[in-house]
2 protein chains.
Amino acid sequence: MAPSDTRPRAGSRGARGSAREGTRDGTVGIKQVAAAAGVSAGTVSNVLNRPERVSPATRARVLAAIGELGFVRNGSASSLRAGQGRTVGLMVHDLLNPFFTSLAAGVEDVMSERGHAVIMCSSGSSPQREERNLRMLAEQKVRGVLVTPLEEGPDRLRLLRERGIATVMLDHAATRPQQCSVSVDDVAGGQMAVRHLLERGARDIAYVSGPLSIRQCADRRAGAARAIASAGFGALREVTMAEMTPRAGQEAGEHLLAELPDAVFCANDLLAMGVLRALLRQEVRVPERVLLIGYDDIEYATASAVPLSSVRQPTYQLGRIAATQLLDECDDPGGHAHQQIMFQPELVVRESTTP
Amino acid sequence: MAPSDTRPRAGSRGARGSAREGTRDGTVGIKQVAAAAGVSAGTVSNVLNRPERVSPATRARVLAAIGELGFVRNGSASSLRAGQGRTVGLMVHDLLNPFFTSLAAGVEDVMSERGHAVIMCSSGSSPQREERNLRMLAEQKVRGVLVTPLEEGPDRLRLLRERGIATVMLDHAATRPQQCSVSVDDVAGGQMAVRHLLERGARDIAYVSGPLSIRQCADRRAGAARAIASAGFGALREVTMAEMTPRAGQEAGEHLLAELPDAVFCANDLLAMGVLRALLRQEVRVPERVLLIGYDDIEYATASAVPLSSVRQPTYQLGRIAATQLLDECDDPGGHAHQQIMFQPELVVRESTTP
DNA sequence: ATCGAAGGTTGACACGATTTAACGCAACGG
DNA sequence: CCGTTGCGTTAAATCGTGTCAACCTTCGAT
């Protein structure tokens, strides 16, 4: 191992020497800040990451230098060395659904407050896209991921856990005990909605739903059925649509016109808005002739011509809490107690069920 | 230059030697893949970044090894070395407004197709938050940023440009020629809407708007005024609200009840939905008594009890095009021709203006 | 058969911030 | 007066991938 020394001549491309010019792309780096403040690079790093370890005097000098030079930390370098960055992932089903954007807003607000960036992506209805996105998040070395999972089956989150990335399930109760989740009791919500309709005198009730492969739709149906069962009277008709959009709701509503039920429970406010439109168009009065209730209590439910009764989920709060949970787990992986939080939904009665 | 040799003793802390164990956190790195495929790390890197430079045979071997070992590239290291990563930033005013989420969906779809991650953030109405977010995006070394800028005044995007980060302005025409932008002609839109109302016989027209400091609101007002001027008849009343939500619209509508106009033009569909509700509640028939038209043509405009006429913007496409533009600029900074694209909006007539 | 060109592959170094062990210094107790 | 303790600071090693010049192989032309 002595004089083999085949390494290329040092400084073959001109020694840049005492980091004068700054980083490659002309920006100032930690070294320039250090030089300006008369300290070493390590100290600057400490000022940024563990300010308490630096004496107030030097800290002030360093911060001043940072301000003057307009230093911006290089996140790539930082997270390469530190092993974790300041970004988290958020994956929802559909960015166009107000329910999910409200979740997203909650997440984004928390992350913004705590200095984290949010990589947002949507899975559409495609498991492939979901998997591709998870993979991409793993590449980005996000600190954690919030997901509204698409379907049961293969545990896609394993890929992340194996790499030490914390995950929180959103709007879906965790199946594994070592997994945080924040969700809302959809069975109770469905029960609540239908019980309300029964109390208002409805007997012949229609449930307008999205695909029952979506857990939320199935749970809400289960709740509705339970309400009818425990009341001992009433009947539940079902209309299942492929999508959960106003358009689909309108189709469902037109379908119902043939034989009007006393009341309609929709798995979704978007569906309910469509149903409402179909009914009003044919001069069917809501709520006088047909009671109508939706789910989610999106903002536009109130703004609808006949304000919609709905089952409110604390959507924005859901996002906030899940985000907080995730950061807690990231900040203290050891002492963190995984928890599955399940909220109870809340019935919101408006004109569409108030004759 | 011969035996100065001050380099540190090799393997001072126990030679990890032939990278057996993988990377720090137990995951496989490029070196393990290289070993498994019987090539050097550089070749693996080439397979990932410039596959055409690698012979098909080795490429296949490397890809196989990647698959078997479950290798996931470390994005931090990659973007540190390469100087740029595979993420872009998107900043909008408000994640809760369907207009912006539709934009976002367009952006996200394109970026997902082209293998990029999107860091999404919102500025609220706060210039501080906007600036903080831009700074954060700079730290993350995003390849480019799409922004719906909050206000004129200090050129906040300069911070990014100085660091060589491409920017595209969304829903806002660029003021500098060396800046891409994608927007819609709001003056034309306002003109279009009011001309339509005039054609339908309205004379006393109210404009319900958000803050005029928001360019969109101001432009739409200008268009409305122009329509009235060029018609030679009609009058424009104005109601300005602090927010552009259904709630604010309802307040505006209640205000209008005191002296009903012939028609109402809202700067926003959300406002229009609120106005509609206020009118219908008081049994004011739309469109028979009052014509109503909104702006944006969000999905819920159709689903509204009286389907709203509106001025459609190709929102989703706006997002897609801006995203494409941004990536073009990133991929070829030299040959890229900056362009300011301005779309023409489209009048969508529905029942709210069809007596 | 030899040479040259072209393309494939290698290996060492660089990217910029974090980390860690070591060091200097001051205060303190025995 | 010396050894110890502890805080603040430093220098150097390091994270995992991309890059580029040099090297090697192969193949066709002379």
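Letters A, B, ... are given to chains in the order of the sequence lines, protein chains preceding strands, and every chain is numbered from 1. Just the heavy atoms: all of them, side chains too, but no hydrogens, waters or symmetry mates, feed the values below. In this text the structure is predicted, and so the values were computed from the model without any measurement.
The CD-C1' distance, from Gln84(A) to dC15(D), rounds to 13 Å in whole Å. As rounded to whole Å, 6 Å separates atom P of dA17(C) from atom CG of Asn74(A). Note: CG (Asn49(A)) to C1' (dT20(C)) measures 14 Å, nearest angstrom. Rounded to whole Å, the distance from CG on Leu80(B) to C1' on dA14(C) is 9 Å. Counting to the nearest Å, the P atom of dA17(C) and the CD1 atom of Ile66(A) are 10 Å from each other. If you take CD of Gln32(B) and C1' of dG16(D), they are 10 Å apart, rounded to a whole angstrom. To the nearest angstrom, C1' of dA12(D) lies 12 Å from NZ of Lys31(A). Lys141(A) places its NZ atom 8 Å from the P atom of dG16(D), with the value rounded to the nearest Å.
Here Arg161(A) pairs with Asp155(A) under the salt bridge (charged side-chain N to carboxylate O under 4.0 Å, His left out) rule; sequence neighbours left out. By the side-chain contact (heavy atoms from CB on, under 4.5 Å) test, Val28(A) pairs with Gln32(A), Leu69(A), Phe71(A), sequence neighbours left out.
Distances shorter than 4.0 Å separate none of the side-chain N or O atoms of Ser78(B) from OP1 or OP2 on dT17(D). Of the side-chain N and O atoms in Arg81(B), none sit less than 4.0 angstrom from OP1 or OP2 of dC15(D). For the pair Arg73(A) and dT18(C), the criterion of a side-chain N or O lying under 4.0 Å from OP1 or OP2 is met. Residue Arg50(A) places at least one side-chain N or O under 4.0 Å from the OP1 or OP2 atom of dT19(C).
Gln140(B) and Thr87(A) share no donor-acceptor pair across their side chains, judged by distance under 3.5 Å alone.
Listed by first then second residue, pairs satisfying salt bridge (charged side-chain N to carboxylate O under 4.0 Å, His left out) with a partner in residues 119-138 of chain B read Glu108(A)-Arg129(B), Asp109(A)-Arg129(B), Glu130(B)-Arg156(B), Glu131(B)-Arg156(B), not counting sequence neighbours. Residue pairs that meet the salt bridge (charged side-chain N to carboxylate O under 4.0 Å, His left out) test with at least one member in residues 113-123 of chain B, sequence neighbours left out, are Glu113(B)-Arg320(B), Arg114(B)-Asp331(B).
The two residues Glu139(A) and Val72(B) have their closest heavy-atom pair at CG-CG1, 3.4 Å.
Screening Leu90(B), Leu170(B), Thr148(B) against Phe100(B) for a side-chain contact (heavy atoms from CB on, under 4.5 Å) leaves a single residue, Thr148(B).
Relative to the axis of its first five pairs, the axis of the last five pairs of the helix from dA1(C)-dT30(D) to dG30(C)-dC1(D) sits at 50°, rounded to 10 degrees.
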Identify all pairs in which a protein N or O lies below 3.5 Å from an N or O of nucleotides 6-10 of chain D, and state each distance.
residue, atom, partner, partner atom, Å
dT9(D), OP1, Ser55(A), OG, 3.2
dT9(D), OP1, Thr58(A), OG1, 2.7
dT9(D), OP2, Ser55(A), N, 3.3
dT9(D), OP2, Thr58(A), OG1, 3.3
dT10(D), OP2, Ser40(A), N, 2.8
dT10(D), OP2, Ser40(A), OG, 3.1
dT10(D), OP2, Thr43(A), OG1, 2.7

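Under the 3.5 Å distance criterion, the side-chain polar atoms of Thr58(B) are matched with a main-chain donor or acceptor of Ser55(B). Under a 3.5 Å cut-off, the side chain of His336(A) and the backbone N or O of Leu327(A) do not form any donor-acceptor pair.
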